[in-house]
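Below you'll find the structure, written out as structure tokens, and then a few comments.
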Amino acid sequence: MKIVYSKDYDTMARKAANLVGAQILMKPNCVLGLATGSSPIGLYKELIRRYEAGELDFSACHSVNLDEYVGLAKQDPHSYAYFMNDNLFSHINIPKENTNIPDGTNLDAEDECARYEKVMADLGGIDLQVLGIGHNGHVGFNEPEDCFQKATHCVDLKESTIAANTRFFDKKEDVPRKAYTMGIMSIMNARKIVLLASGESKADIIYRMATGPITPQIPASVLQLHQDVTVFCDEPALSVMLEKAPELVNGRPQ
Ligand code: GLP
């Protein structure tokens with residue numbers, strides 16, 4: 001796992017865009033695994049800027065998103081499908097039919113999870129997966145549990161996750177209690193992983209994820225076993241790392 005320092009959020013976003021952009025240049029028909037949340041928004045803005053400048057072409061790319069709230073339709077402004085259109089897809093030339101996200105309106109969990117597994121298998125897996133990280137170490141919506149969940153599944157969201165995501169809704173009661181999420185196996189099978197984290201509230205979990213025991217109680221800790229993970233953080237998100245394990249942080253000006 002390589003941890004890359006950036007002074008601030010915008011620099012972090014640009015550095016991550018270098019890696020994602022390189023993936024698209026090297027393999028124009030790549031499969032991008034995409035994430036929602038505030039962490040990747042700057043990356044998406046930078047990818048849009050590079051597309052508008054004629055530097056990137058998404059016309060042959062496919063995408064699979066990590067997760068979706070159960071019960072929300074694509075048109076719902078709180079859905080992750082809406083988020084992706086708003087923050088990325090409607091600003092670039094990826095064909096809409098090449099974009100995939102679990103269908104929150106399919107209330108038959110077994111059916112929807114099997115469908116999504118087939119989507120990913122038919123695409124031949126993920127070339128580059130973008131991840132954020134929850135305060136409890138969740139990736140996608142793989143919440144802390146007694147064992148790693150391999151495949152796409154339906155999760156009961158933890159109270160802390162509901163509380164953290166309340167900021168996107170009018171009130172806590174509006175936050176869905178369930179979500180569909182890609183499992184740990186699809187994430188770990190991605191050929192390359194880019195994880196983004198910003199802000200001091202992520203500093204402790206970044207340190208534990210990168211240096212602590214590998215445990216399903218901190219789902220992101222499993223990334224220590226992956227061959228090609230780059231973690232892009234701003235300085236506040238690295239504050240604990242810089243104090244306790246500065247030798248693991250790359251790219252910090254001396
Ligand atoms: C949500 C998403 C995750 C995301 C996490 C962190 O729970 N399901 O995929 O990584 O939030 O979000 P943020 O980047 O806003 O801190």
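In this text, all values refer to a predicted model and were calculated from it rather than measured experimentally. Each ligand, and each atom within it, is numbered from 1 in the order the structure gives. Computed over heavy atoms, backbone and side chain alike; hydrogens, waters and symmetry mates excluded.
- Take Phe169 and apply the ring pair (Phe, Tyr, Trp, His ring centres under 6.0 Å) test, not counting sequence neighbours, and it matches Tyr69, His78.
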Below 3.5 Å, can you tabulate the donor-acceptor pairs from side chains in residues 26-40 to any protein atom, sequence neighbours excluded?
unit_1 : atom_1 : unit_2 : atom_2 : d
Lys27  : NZ     : Asp127 : OD1    : 3.0
Lys27  : NZ     : Asp127 : OD2    : 3.1
Ser38  : OG     : Arg167 : NH2    : 2.9

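- Salt bridge status for Glu68 with Lys178: absent, with no side-chain N to carboxylate O gap under 4.0 Å.
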Ligand 1 N/O to protein N/O, distances under 3.5 Å:
unit_1   : atom_1 : unit_2 : atom_2 : d
ligand 1 : 7 (O)  : His138 : NE2    : 2.9
ligand 1 : 7 (O)  : Asn165 : ND2    : 3.3
ligand 1 : 8 (N)  : Asp67  : OD2    : 2.8
ligand 1 : 8 (N)  : Gly140 : O      : 3.3
ligand 1 : 10 (O) : Ile133 : N      : 3.4
ligand 1 : 14 (O) : Ser38  : N      : 3.3
ligand 1 : 14 (O) : Ser39  : N      : 3.0
ligand 1 : 14 (O) : Ser39  : OG     : 2.5
ligand 1 : 15 (O) : Ser38  : N      : 2.7
ligand 1 : 15 (O) : Ser38  : OG     : 2.7
ligand 1 : 15 (O) : Arg167 : NH2    : 2.7
ligand 1 : 16 (O) : Lys202 : NZ     : 2.6

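- Using modelled atom types and a 3.5 Å distance limit, the side chains of Asp8 and Thr11 yield a donor-acceptor pair.
- Scored by the side-chain hydrogen bond (donor to acceptor under 3.5 Å, both in side chains) test, Thr211 finds no partners at all (sequence neighbours excluded).
- For CD of Gln227, the number of neighbouring non-hydrogen atoms (other residues, nucleotides, ligands) closer than 6.0 Å is 12 at most.
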